[in-house]
Enquirer: 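Provided herewith is a single structure, encoded as structure tokens, for subsequent inquiry.
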Amino acid sequence: TVFAYGVTSSGKTHTMHGDQNCPGIIPLAIKDVFSLIQETPGREFLLRVSYLEIYNEVINDLLDPTGQNLRVREDAQGTYVEGIKEEVVLSPGHALSFIAAGEEHRHVGSNNFNLFSSRSHTIFTMMIESSDRGDEYDGAMYSQL
């Protein structure tokens, strides 16, 4: 988990997302995950992503604009957001395209420091499932980034 905290216009969003010339933590982490997959030919992988925002204490799904006011739930497997959309991703660019699409649905507004300041908090999650090649259930591993 990476948590960015700071005052308005201190660079939190830039640190996490970066730009074309200087990728941020999220694009670099996505690239590293796919690089590790390429270096692990003996395992099969399934990667899914979700992207949500918390705005005025309301959880909204950035990948599905109809997913508004979602609820946090807990069960034997852990804590999750009920109804959040998860998209399968096949490449770093594919994952980044979902982030870009989600950014279009974020709450933004102007302030004294920034014309398009983020008005919400976001959580981008990548779920990674892997298993020994040819054996879907024995040796399955689940990770979340």
Side-chain angles (χ1 to χ4, degrees), residues 1-109 114 116-145:
T1 300
V2 177
F3 184 80
Y5 182 79
V7 298
T8 297
S9 203
S10 63
K12 300 176 296 293
T13 300
H14 182 74
T15 297
M16 298 304 289
H17 293 276
D19 57 33
Q20 291 291 342
N21 298 322
C22 184
I25 291 170
I26 293 172
L28 291 173
I30 291 169
K31 180 181 173 191
D32 282 351
V33 166
F34 279 94
S35 292
L36 288 169
I37 288 171
Q38 292 298 315
E39 296 170 8
T40 315
R43 295 191 72 79
E44 293 181 354
F45 289 86
L46 173 65
L47 279 69
R48 295 171 288 129
V49 298
S50 65
Y51 197 28
L52 63 84
E53 79 170 343
I54 304 168
Y55 176 68
N56 287 337
E57 299 183 28
V58 173
I59 299 171
N60 300 315
D61 190 336
L62 293 174
L63 300 183
D64 178 7
T66 64
Q68 303 288 309
N69 202 21
L70 301 177
R71 300 285 178 225
V72 175
R73 302 285 186 215
E74 189 171 0
D75 64 14
Q77 282 81 38
T79 306
Y80 64 97
V81 176
E82 187 176 53
I84 192 81
K85 185 173 189 174
E86 295 178 352
E87 295 281 1
V88 173
V89 294
L90 305 173
S91 69
H94 195 205
L96 294 173
S97 73
F98 285 115
I99 293 173
E103 287 296 306
E104 296 294 318
H105 303 292
R106 276 193 79 183
H107 286 86
V108 296
N114 190 341
F116 297 105
S117 179
S118 306
R119 299 288 90 204
S120 63
H121 305 283
T122 61
I123 300 174
F124 175 77
T125 305
M126 178 178 275
M127 287 71 62
I128 306 165
E129 297 180 36
S130 74
S131 60
D132 290 329
R133 197 165 286 287
D135 191 351
E136 292 181 28
Y137 301 105
D138 192 33
M141 295 191 321
Y142 303 91
S143 301
Q144 189 167 294
L145 173 65

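All values reported here derive from a predicted model rather than from experimental measurement. The chain is numbered in sequence order, starting from 1. Values reported hereafter were calculated over all heavy atoms of this structure, with side chains retained and with hydrogens, waters and symmetry mates removed.
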Enquirer: What verdict does the side-chain contact (heavy atoms from CB on, under 4.5 Å) test give for I99 and L96, after you've listed the backbone C-alpha separation in whole Å, the side-chain angles of each residue and the deciding distance to 0.1 Å?
Expert: CA-CA 5 Å; I99 293 173; L96 294 173; 4.1 Å; yes
Enquirer: Any donor-acceptor pair under 3.5 Å linking the side chain of N60 with the backbone of N69?
Expert: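 Such a contact is found between N60 side chain and N69 backbone.
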Enquirer: Looking only at non-hydrogen atoms, find the nearest pair between R43 and M141 and report the distance.
Expert: NH2-CG, 3.7 Å
Enquirer: If every non-hydrogen atom of I123 is compared with every non-hydrogen atom of T125, which pair is closest and at what distance?
Expert: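 In this case the closest contact between I123 and T125 is CG2-OG1, 3.6 Å.
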Enquirer: Rounded to the nearest 0.5 Å, what separation is found between the CG atom of D61 and the OG1 atom of T66?
Expert: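 D61 atom CG to T66 atom OG1 measures 7.5 Å (nearest 0.5 Å).
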Enquirer: Relative to each other, are the rings of H94 and F98 parallel, tilted or perpendicular (30° and 60° limits)?
Expert: tilted
Enquirer: Please determine whether a side-chain nitrogen of the Lys or Arg among R71 and E82 lies less than 4.0 Å from a carboxylate oxygen of the Asp or Glu.
Expert: no
Enquirer: Grab the two heavy atoms, one from M126 and one from I30, that are nearest each other, plus how far apart they are.
Expert: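 Closest approach of M126 to I30, heavy atoms only: CE-CG1, 3.9 Å.
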Enquirer: If I compare all heavy atoms of A95 with all of V89, which pair ends up nearest, and what's the gap?
Expert: CA-CG1, 3.7 Å
Enquirer: Between R133 (side chain) and P41 (backbone), is there a donor-acceptor pair under 3.5 Å?
Expert: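 Yes: the side chain of R133 pairs with the backbone of P41.
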Enquirer: Calculate, to the nearest 0.5 Å, the distance between atoms OH and OG belonging to Y142 and S130 respectively.
Expert: 9.0 Å
Enquirer: Roughly how far, to the nearest 0.5 Å, is CG of L70 from CG of L52?
Expert: 8.0 Å
Enquirer: Keeping the roles fixed (side chain from R48, backbone from E86), state whether a donor-acceptor pair exists under 3.5 Å.
Expert: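 Pair absent, no side-chain N/O of R48 close to backbone of E86.
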Enquirer: Quick one: closest heavy-atom pair of L28 and P23, and the distance?
Expert: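 For L28 versus P23, the nearest heavy atoms are CD1-O, 3.7 Å.
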Enquirer: Could you grab the distance from atom CD1 of I26 to atom OG1 of T15, nearest 0.5 Å is fine?
Expert: 10.5 Å
Enquirer: For H105 versus L62, what's the shortest heavy-atom pair and its separation?
Expert: CD2-O, 3.2 Å
Enquirer: Judged by atom type as modelled, is there a donor-acceptor pair below 3.5 Å linking the side chain of N56 to the main-chain atoms of V58?
Expert: no
Enquirer: Has the side chain of K12 got a donor or acceptor atom that lies under 3.5 Å from a matching backbone atom of V7?
Expert: yes
Enquirer: Using 0.5 Å steps for rounding, measure from the CG atom of L47 to the CD atom of E129.
Expert: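 The CD atom of E129 is 9.0 Å from CG of L47, to the nearest 0.5 Å.
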Enquirer: Dump the intermediate steps for side-chain contact (heavy atoms from CB on, under 4.5 Å) on R106 and Y55, then the final yes or no.
Expert: CA-CA 9 Å; R106 276 193 79 183; Y55 176 68; over 6 Å; no
Enquirer: Quick check: do E104 and P65 have side-chain heavy atoms less than 4.5 Å from each other?
Expert: no
Enquirer: Start with the C-alpha gap between T40 and F45, add the side-chain angles, then the distance that decides, and say whether side-chain contact (heavy atoms from CB on, under 4.5 Å) holds.
Expert: CA-CA 10 Å; T40 315; F45 289 86; 4.1 Å; yes
Enquirer: Find the distance between NZ (K31) and CG (L36) and round it off to the nearest 0.5 Å.
Expert: 12.0 Å
